[in-house]
Amino acid sequence: MSGGEHFGGEYDGDGFDDEFESFETAASLSLSARAMAARPTPYLDGLNPPQREAVETLDGPVLVLAGAGTGKTRALTARIAHILSLGRARPWEILAVTFTNKAAREMKHRVADILNQPTDGMPWLGTFHALCAKMLRRHAELVELKSNFTILDTDDQLRLIKQILQAEGIDEKRWPPRLMASLIDGWKNRGWRPEQLPAAEHAAFNRRGGEVYAIYQARLRTLNACDFGDLLMHMITIFQKHEDVLEGWRRRFRYILVDEYQDTNVSQYLWLRLLAGGAKNICCVGDDDQSIYGWRGAEVGNILRFEKDFPGAKVIRLEQNYRSTPHILAAASGVIHANESRLGKTLWTEANGGEKVRLIGHWDGDEEARWIGEEIEAFHTGTRGHDRLSLDDVAILVRAGFQMRAFEDRFLTIGMPYRVIGGPRFYERREIRDAMAYFRLAVSPDDGLAFERIVNVPKRGLGDKAQQQIQLAARDASVTLIEGAKLVLEAGTLAARARNALRELLDGIGRWHGQVLAGASHTELAEVMLDESGYTEMWKADPSPDSPGRLENLKELVKAVGEFENLQGFLEHVSLVMDNETEDGGEKVSIMTLHAAKGLEFPAVFLPGWEDGLFPSQRSMDESGLKGLEEERRLAYVGLTRAREHLTVSFAANRQMYGRWQNALPSRFIDELPEAHVEVLTPPGLYGHGGARAGAPTDIPGVMKGSQLEDRAARADAYNSPGWRRMQARTASRPMSQPRESANLVIDAEAIPAFELGTRVFHQKFGYGAVTEIEGDKLGIEFEKAGFKRVVAKFVAAADDVPF
DNA sequence: GAGACCTTGCAGTGT
DNA sequence: GCAAGGTCTC
């Protein structure tokens with residue numbers, strides 16, 4: 001459908017006169033007008049001109065560069081509504097792709113709301129993976145799969161690779177299965193089938209990486225299984241090899257919409273391009289400044305290259321921010337400006353006022369958690385001089401999962417309700433995976449990986465020896481594991497107890513499978529399986545403190561099964577939708593990673609752990625250098641722009657990692673926060689400032705020569721102090737890739753008092769001790785209580801200086 | 001074959 | 001500090 005040939009209606013002038021002036025063609029004008037006459041178009045109300053353009057430019061490729069908080073989702077959903085209400089396409093003729101299930105759900109709801117129609121109307125709105133799975137089920141035979149293929153989770157994938165490495169005699173110590181898994185993932189992300197693998201990629205695994213990859217793919221085929229990467233890769237293969245299939249899908253989708261385009265990897269890009277077929281009506285929305293999935297194979301290049309890929313593309317910029325206060329916006333801009341490779345957008349807002357971004361340094365991670373807990377209380381009770389905030393309005397965004405613990409511990413102590421988003425996931429828990437393996441066997445008894453998982457869970461006396469026999473029998477006869485198990489049974493080589501146990505298990509699987517075929521109630525069956533297999537019993541008998549929780553989870557699982565038509569539908573759902581949004585009422589503070597926070601917003605946001613090495617992550621910089629650092633910076637930008645009104649950045653001098661205390665400098669990103677938009681706070685209690693917050697950054701002339709405790713205070717609030725400035729100068733001149741150790745050694749001579757061997761010192765955390773070792777700014781100290789530790793000199797005070 | 005105990009590596013982000 | 005894997009013992 002091109003242009004507006006069958007939209008000849010005339011604009012009948014119902015009060016939209018002025019707004020239509022910017023429209024490009026008479027055709028689009030009249031079609032909009034006609035639609036509005038036919039139906040109200042509330043979705044257009046309140047859109048700003050670029051948003052409106054994004055909604056109404058329906059013909060040809062469109063790239064919407066949407067900065068944070070500029071109403072991207074709104075424009076996208078309005079666009080869908082517009083297409084539908086103009087009758088340009090029917091709901092099943094629109095392909096709308098998101099990255100997360102959450103985003104897909106939300107879009108479904110919003111479109112449904114706008115159109116007042118049920119949500120199931122758009123079958124092709126979903127994540128890349130879910131959509132590909134759906135397509136692949138229809139064409140499975142073209143890649144030698146059956147349409148009921150299983151989708152493997154990372155656990156299964158890893159076990160499979162392990163088996164292959166063992167069979168191939170590759171040393172698991174030197175070449176860890178996880179490495180192989182991530183290599184294969186990477187290859188699939190780039191759309192390389194084993195035979196397409198570039199020569200340079202073969203280097204790993206004693207130059208056998210490609211070989212292992214090929215074996216792995218062959219194994220998946222025999223198992224009738226797919227991993228995540230396969231879903232896309234198989235579809236690309238099918239599109240490339242079967243033009244008729246591709247043609248069919250191209251004809252079907254009149255409009256393609258892609259959310260978060262900056263996060264697409266090569267294979268997703270290929271898939272889209274194949275479907276779009278050149279200059280189709282494809283609309284991609286994204287923000288190069290929010291590209292944070294490079295490690296997962298995302299190519300910012302895709303968005304940067306859009307106009308080349310889709311000639312004649314219209315680029316629309318959404319730059320008006322509706323979310324954050326000017327201070328927050330300025331802080332975020334300040335940080336992201338330090339990045340070099342950007343398309344460049346300038347966010348602006350009509351809002352004014354608001355408080356500055358608050359910055360605070362703490363002694364250690366526990367104190368940081370405690371302070372944030374108190375601040376949240378203050379927000380919650382309204383004692384901070386603002387309107388009271390609901391706990392739902394508050395989020396703590398961390399760089400890495402392990403940071404969450406300090407907050408959870410603290411919040412449990414003070415009884416503050418919280419929710420962890422994207423934490424250890426329901427469907428990844430052991431008991432859930434075990435139970436799922438039983439379900440999988442009932443649906444398809446051929447599922448060897450599932451069989452392996454539960455053959456001795458609960459314990460049936462079928463240990464390594466017995467399992468080896470089964471594997472061997474299966475391999476010799478080239479049959480599935482379960483057939484192999486039957487052969488072993490017939491051979492009678494197992495001990496009586498094991499034999500009986502195995503027979504019982506096999507009978508069970510056969511019986512359950514029969515019930516699935518007979519169409520028995522799947523909720524009941526789920527329960528029966530867990531019962532008859534002894535699985536529930538196993539946890540009931542388990543004395544460990546977490547077994548009641550596991551039993552509870554199993555109940556949840558059975559309940560979840562009930563929400564689907566059959567077991568198979570349930571399994572499909574679980575393998576693609578790993579998140580579980582079970583929400584029990586009551587306000588809660590949200591704790592999540594920065595990655596998980598993308599697309600969300602909160603009135604109050606805390607960003608703890610801004611320390612060099614943690615954020616930006618040392619590993620990211622080591623692995624990807626400047627590119628890695630820039631991605632970390634975009635992550636900082638994502639974090640900062642989640643906040644609507646209140647934003648607090650914090651760092652700690654000491655933090656427990658891997659069970660040991662480590663110290664760090666404030667993040668270099670802190671240096672990039674523009675001073676004029678930041679208020680520096682002094683942590684309460686610690687330094688004899690009586691807990692008062694420094695209203696303005698203070699210049700404390702004598703501080704560097706004073707006691708070390710004061711020096712610490714200065715570090716926390718001397719954002720504008722000479723020490724701070726010196727540190728800024730240092731970080732600016734420090735080469736990106738310089739290892740942290742050397743960065744640490746560059747330190748103000750002035751700030752370190754000369755300790756001598758034997759000096760009695762005091763350390764906030766470890767107490768009193770004597771210096772036994774001096775190496776640059778690091779001291780080895782034999783503490784009276786804590787034993788020997790190496791610490792940075794500036795965190796230690798000569799014992800005489802200690803005022804308490 | 002199963003459980004206790006010890007060692008090791010780890011935790012950077014997720015469909 | 002913790003979980004997974006390896007080793008030792010019953």
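In the text below, chain A, chain B and the rest are named by the order of the sequence lines, each starting its count at 1.
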N/O to N/O distances under 3.5 Å, protein versus nucleotides 2-4 of chain C:
none

Determine whether the aromatic ring of A:F99 stacks with the base of B:dT15, defined as ring centroids separated by less than 5.5 Å and ring planes inclined by less than 30°. no
Looking at [options], which one has an atom nearest to any side-chain atom of [X]?
X	options	answer
A:N456	B:dA11, B:dA2, B:dT15	B:dA2
A:Y658	B:dT13, B:dA11, B:dT15	B:dA11
A:K465	B:dG14, B:dG12, B:dG1	B:dG1
A:T127	B:dG14, B:dG1, B:dT15	B:dT15
A:A400	B:dG1, B:dT13, B:dT15	B:dT13

Are A:D366 and A:R370 within salt-bridge range, i.e. N to O under 4.0 Å? no
Closer than 4.0 angstrom, basic N to acidic O: yes or no for A:R440 and A:D447? yes
Report the distance from atom [atom1] of [X] to atom [atom2] of [N], rounded to the nearest whole Å.
X	N	atom1	atom2	result
A:M404	B:dG14	CE	P	8 Å
A:E623	B:dA11	CD	P	13 Å
A:N265	B:dG14	CG	P	16 Å
A:L462	B:dA2	CG	P	8 Å
A:Y637	B:dT13	OH	P	23 Å
A:L231	B:dG14	CG	P	19 Å
A:F228	B:dG14	CZ	C1'	9 Å
A:Y269	B:dT15	OH	P	25 Å

Taking only side-chain N and O atoms of A:T100, does any of them lie within less than 4.0 angstrom of OP1 or OP2 on B:dG14?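 Answer no for this pair, as no side-chain N or O of A:T100 is under 4.0 Å from OP1 or OP2.
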Strictly below 4.0 Å: does A:R178 bring a side-chain N or O up to OP1 or OP2 of B:dA11? yes
Mind checking A:F128 for me? I need base, sugar-phosphate or nothing, with any heavy atom below 4.0 Å counting as a touch.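 The residue A:F128 makes no contact with any strand.
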Could you tell me whether A:A498 contacts a base, only the sugar-phosphate backbone, or nothing, with contacts defined as non-hydrogen atoms closer than 4.0 Å? nothing
Pairs flagged by ring-ring contact (aromatic ring centres under 6.0 Å, His included) wherever residues 610-635 of chain A is involved - sequence neighbours left out: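 Residue pairs passing ring-ring contact (aromatic ring centres under 6.0 Å, His included), neighbours aside: A:W610-A:F615, A:F615-A:F669.
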Counting C-beta onward and ignoring hydrogens, is there a side-chain heavy-atom pair between [X] and [Y] closer than 4.5 Å?
X	Y	value
A:N224	A:N148	yes
A:R430	A:R550	yes
A:L95	A:L131	yes

In terms of the nearest nucleotide of DNA chain B, which residue is placed more toward the 5' end: A:G461 or A:H129?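 With A:G461 and A:H129 compared, the 5'-side residue is A:G461.
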Would you kindly compare A:K459 and A:G401 by the position of their nearest DNA chain B nucleotide and give the one closer to the 5′ end?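 Nearer the 5' end of the strand: A:K459.
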Would you say the side chain of A:R619 and the base of B:dG12 hold a donor-acceptor pair, judged only by whether the two atoms sit under 3.5 Å apart? yes
Has the side chain of A:E632 got a donor or acceptor that lies under 3.5 Å from a partner of the other kind on the base of B:dG12?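 Side chain to base: pair present.
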A:N265: side-chain contact (heavy atoms from CB on, under 4.5 Å) partners, not counting sequence neighbours: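 In terms of side-chain contact (heavy atoms from CB on, under 4.5 Å), with neighbours along the sequence ignored, A:N265 is linked to A:N189, A:S267, A:Q268.
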Cationic tip of A:R296 above A:Y293 ring, under 6.0 Å, 45° of axis: yes
